[in-house]
Amino acid sequence: MTVPFDAPPLSLTSPLQAEKLCVTYGRRPVLSGLDIAFPRDQVTAIVGPNGCGKSTLLSALARLHTPQAGRIALEGRDIRSYGARELARALALLPQSVTAPEGLTAAELIRFGRQPHQSWLRQWSAEDGAVVDAALAAADLQALAHRPLEAMSGGQRQRAWIAMAIAQQTPVLLLDEPTTALDLGHAIEVFELVRDLAAEGKTVVMVLHDLGNACRYADHLVAMRDGCVVAAGPPSEIVSRELVRELYGVDCTLVTDTDTGAPLLANVRRAR
Amino acid sequence: MSRANAHPAHALAPAGSWRLALGPARSGRSILLDKRACAANLLLAVALLAACVASLCLGEVSIAPRAAIAGLFGYGDGMDVFVVQQLRATRLLAGVLSGGAFALAGCLMQTLARNRLATPGIIGLDNGATAFAVASVLGVGLGIAPPAMALVGASVATAIAFGLAGGIGTQGYRFLVAGIGVGAAFDAITRLMLARSAIDAANAAYPWTVGSLNGVGALALNMLAVGLVIGLIGAAALARALGVVRFSEGVAQGLGIRVGHIRLGALVLSVGLTALAVAVAGPVGLIALIGPEVARHLSSRRGVPLMGSTLAGALLMVVADLAGRVLFSPIEIPVGLISTVVGAPVLLWILLRPGHKIGV
C-alpha cells in the first residue's frame with residue numbers, strides 16, 4: 001500500500017496509537033496483533049461484546065498492562081520511555097471500578113488529580129487552585145464541592161471522578177465504561193461532559209458497552225471482537241446490520257436519527 | 001495592585017490547609033499543612049506529655065509532679081532522683097518509643113494493604129519476631145542479640161506470608177489470611193520451645209511472650225530509638241504517595257504513583273519498626289490496631305495520619321503500662337495483657353460497625 005505523498009504524518013492527526021499490540025493473561029491471548037490510532041481532539045468509543053478485550057486495550061494504553069509484543073506511541077514516543085509522573089501529565093485514566101479513601105469530599109478528590117504536577121517541596125501552587133476550580137466548574141460540581149463522595153448520587157460521584165482526571169490537565173483522557181450503573185439522566189450528564197471536553201481540545205477514548213450511546217456521542221467508533229479491531233471510523237460510516245450481527249449476534253433495523261445523523265438501532269432481536 | 005496582593009497566601013491554600021510558602025508564589029514551592037491533622041497531633045502530643053508526667057509520678061512510691069520532673073534532671077531529693085531516673089524513666093522511654101513504633105508500623109501496613117485489619121500483629125510479624133527472640137534467649141541456634149533475632153524473625157514471617165499470598169492482592173485479604181496462618185505457626189513454635197526448656201530459662205523468656213516493659217535492655221532501646229527516627233523520616237518521605245496508594249490501584253497508577261515501589265518501601269519500614277519494638281516490649285501488637293484508629297478519628301481524611309498514629313501509639317502504650325503498674329499494685333500486669341483487653345473490643349468494633357467499609 002502506498003501512502004499519499006501529501007498525507008500528514010499519523011502522529012499529527014493521532015496523539016495515541018498502538019501497533020501490533022499483543023497482550024495475554026496467563027496463556028490466553030486477549031489482544032492479538034492489534035493496530036489502532038485515535039483521532040486528535042475527538043471522542044472515540046470502543047465497543048464490542050463482553051470479553052472482546054476492550055478494557056484490556058484501555059489498560060494497556062495507560063500502561064497498566066505490559067504488552068507481550070507491539071508498541072504504543074503517545075505523541076509519537078513509546079509509552080515505555082515515559083516516567084511515571086510524566087505519563088500521568090500526558091494521559092489520564094479513569095478505570096471502571098474505583099475506590100477512594102472514606103469520607104473524602106469532591107473538592108478533596110479533585111485535588112488528588114494535581115498529584116503528578118506536584119512534589120514534596122511543591123505541594124500547592126496558585127495554578128493548582130485555579131485548575132481544581134476549573135475542573136469543579138467543568139463537571140458542574142461547585143455547589144457540591146464540600147460534600148463527601150458517599151453522600152452524592154451515582155452521576156455526581158462519576159462526574160467528580162472525571163473532574164479529578166480533568167484536573168490532571170492531560171491532552172488524552174481514557175474512560176473505562178464511565179456510565180455503567182448510571183441511569184439514563186445521569187449517563188447523559190456524563191456524555192455531555194465528555195463532548196464538552198473534546199470541544200475544548202482533549203482527545204477522549206472511552207470504552208462503552210452500549211452501541212446506541214456510542215453512535216450518538218462518539219465521533220469515531222472502534223468495534224472490537226476477539227482481541228482484534230473489526231471496524232473503525234465514524235459511526236454513520238461503519239455501523240451496518242452486518243457489523244451489529246458480527247459483534248453481538250443480533251439482528252436489527254438501522255435508522256438514521258434525523259436530529260443528529262447518528263445511526264439508531266431499532267427492533268433488535270436475536271439473530272436466526 | 002502588586003503581585004503579592006494578587007495572590008494572597010490565605011486564598012492560595014485549599015480549604016482546611018495552611019500553605020507554607022518556601023519561595024515566591026510563582027515558583028509554587030510550598031508545603032501544605034492540614035489544619036485538622038495539626039490540631040490532632042497537638043492534642044495527642046499534649047496528652048502524651050501529661051501521661052509521661054503521670055507515669056513518672058505514680059507507682060509504689062508516689063512523687064509530686066514538680067519533684068518528679070526535677071528528679072528526672074537529677075535535682076531534688078536523692079530517693080526521688082533514684083526512683084525517677086533508675087526505675088521509671090527508662091521504662092517510660094521504652095513505652096513511648098515502642099508504642100510509637102508499633103502504631104506507625106500499623107498505619108503503614110494498613111495503608112499499603114488498604115485494609116484496617118492488616119496490622120503487623122494480626123499478620124504474624126509479632127509472633128515471628130517473638131519466636132526468634134525467644135530462641136535467642138533460650139540459647140537455641142545462634143547467639144545473636146534478641147533485637148537482631150527479632151528483626152530476622154519478622155522478616156522471615158513477612159516473606160513467608162507474602163510468598164504464600166503471592167503478593168498483596170485485592171485489599172490485602174490473601175495476605176491477611178496467609179499472615180494469620182504464619183502467625184499461628186510461629187506462636188506454636190514459641191510455645192514448643194518454652195515447653196521443652198528448663199524452668200529458669202523459660203522464666204527468663206516469659207516476658208517476651210506476653211509483652212512487658214519491665215527490664216528493658218539498653219541495646220534494644222538504642223536500636224529502637226534509631227529505628228523510630230529512621231522510620232519517621234521514611235514515612236514523611238512516603239507520606240504523599242501513601243495518600244494516593246489508598247485509592248484503588250488503577251487510580252493510583254494513573255496519578256503517576258509507582259504503587260509497587262511505595263508498598264515495598266512502606267512494608268520494609270513497617271517490618272523493621274515492628275521487629276525493633278517487639279525486641280523492646282514483646283508482642284503488644286494491638287497498639288498497631290488501636291493507635292492508627294484513634295489517629296484517623298481525630299485527623300482529617302485527606303492524608304495518612306502517620307505522625308498522629310505514632311503519637312497515639314506512644315500515648316496508648318504509656319497509659320496501658322501505667323494502668324498495669326498502678327491498678328493492682330503491688331502486683332504488676334504486663335502491658336501486653338492490658339492492651340489486649342482494650343484492643344479486642346476495638347478489633348470487634350472495626351469488624352462489626354455498621355455502614356463502614358474496612359478500607360483505610
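Chain letters run A, B, ... following the sequence lines, proteins first, then strands; residues in each count from 1. The basis for the numbers below is simple: all heavy atoms, side chains too, and nothing from hydrogens, waters or symmetry mates.
Contact annotation for A/L109: only side-chain heavy atoms (C-beta onward) come within less than 4.5 Å of a heavy atom of chain B. Residue contact with chain B, scored on non-hydrogen atoms closer than 4.5 Å, is absent for A/T105. Neither the backbone nor the side chain of B/S300 comes within contact range of chain A; no heavy atoms are under 4.5 Å apart. Both the backbone and the side chain of A/Q118 come within contact range of chain B, each with at least one heavy atom under 4.5 Å from a heavy atom of that chain. Both the backbone and the side chain of B/A15 come within contact range of chain A, each with at least one heavy atom under 4.5 Å from a heavy atom of that chain. A/S59 does not touch chain B: none of its heavy atoms, backbone or side chain, sits under 4.5 Å away. Contact annotation for A/R111: only side-chain heavy atoms (C-beta onward) come within less than 4.5 Å of a heavy atom of chain B. Residue A/L64 touches chain B through both its backbone and its side chain, counting heavy-atom pairs closer than 4.5 Å.
Note: A/E102 CD to B/R246 CZ = 10.5 Å, rounded to the nearest 0.5 Å. Between the CZ atom in A/R122 and the CZ atom in B/R29 there is a gap of 7.5 Å [rounded to 0.5 Å]. Once rounded to the nearest 0.5 Å, the distance linking CZ of B/R301 with CG of A/L149 reads 11.5 Å.
Under a cut-off of 6.0 angstrom, the local environment of CZ in A/R71 is crowded, with over 12 non-hydrogen atoms contributed by other residues, nucleotides or ligands. Sparse packing is recorded around CG of A/N50, with 12 or fewer heavy atoms of other residues, nucleotides or ligands lying under 6.0 Å away.
Two residues are said to be in side-chain contact when any heavy atoms from C-beta on lie closer than 4.5 Å; A/T99 and B/R114 meet this criterion. Here the side chains of B/V251 and A/F112 are not in contact, with every heavy-atom distance at 4.5 Å or above.
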Legend entry - side-chain contact (heavy atoms from CB on, under 4.5 Å) assessment of B/L255 paired with A/M164: CA-CA 10 Å; B/L255 289 172; A/M164 182 180 92; 4.0 Å; yes
Legend entry - Stepwise side-chain contact (heavy atoms from CB on, under 4.5 Å) test for B/R19 and A/Q123: CA-CA 9 Å; B/R19 182 179 183 276; A/Q123 298 195 359; over 6 Å; no
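Chosen from B/R258, B/Q253, B/R296, the residue pairing most often with chain A at heavy-atom distances under 4.5 Å is B/Q253. With chain A as the partner, the residue from B/I257, B/L32, B/V244 showing the most heavy-atom pairs under 4.5 Å is B/L32. Heavy-atom pairs under 4.5 Å with chain A were tallied for B/G256, B/G28, B/S30; the largest tally goes to B/S30.
A/W124 contributes no side-chain N or O that, together with a main-chain N or O of B/W18, makes up a donor-acceptor pair within less than 3.5 Å. Between the side chain of A/Q168 and the backbone N or O of B/G254 there is at least one donor-acceptor pair closer than 3.5 Å.
Summarising the geometry of B/G250 relative to A/P95, their closest heavy-atom pair is C-CG, 3.8 Å, with the distance given to 0.1 Å.
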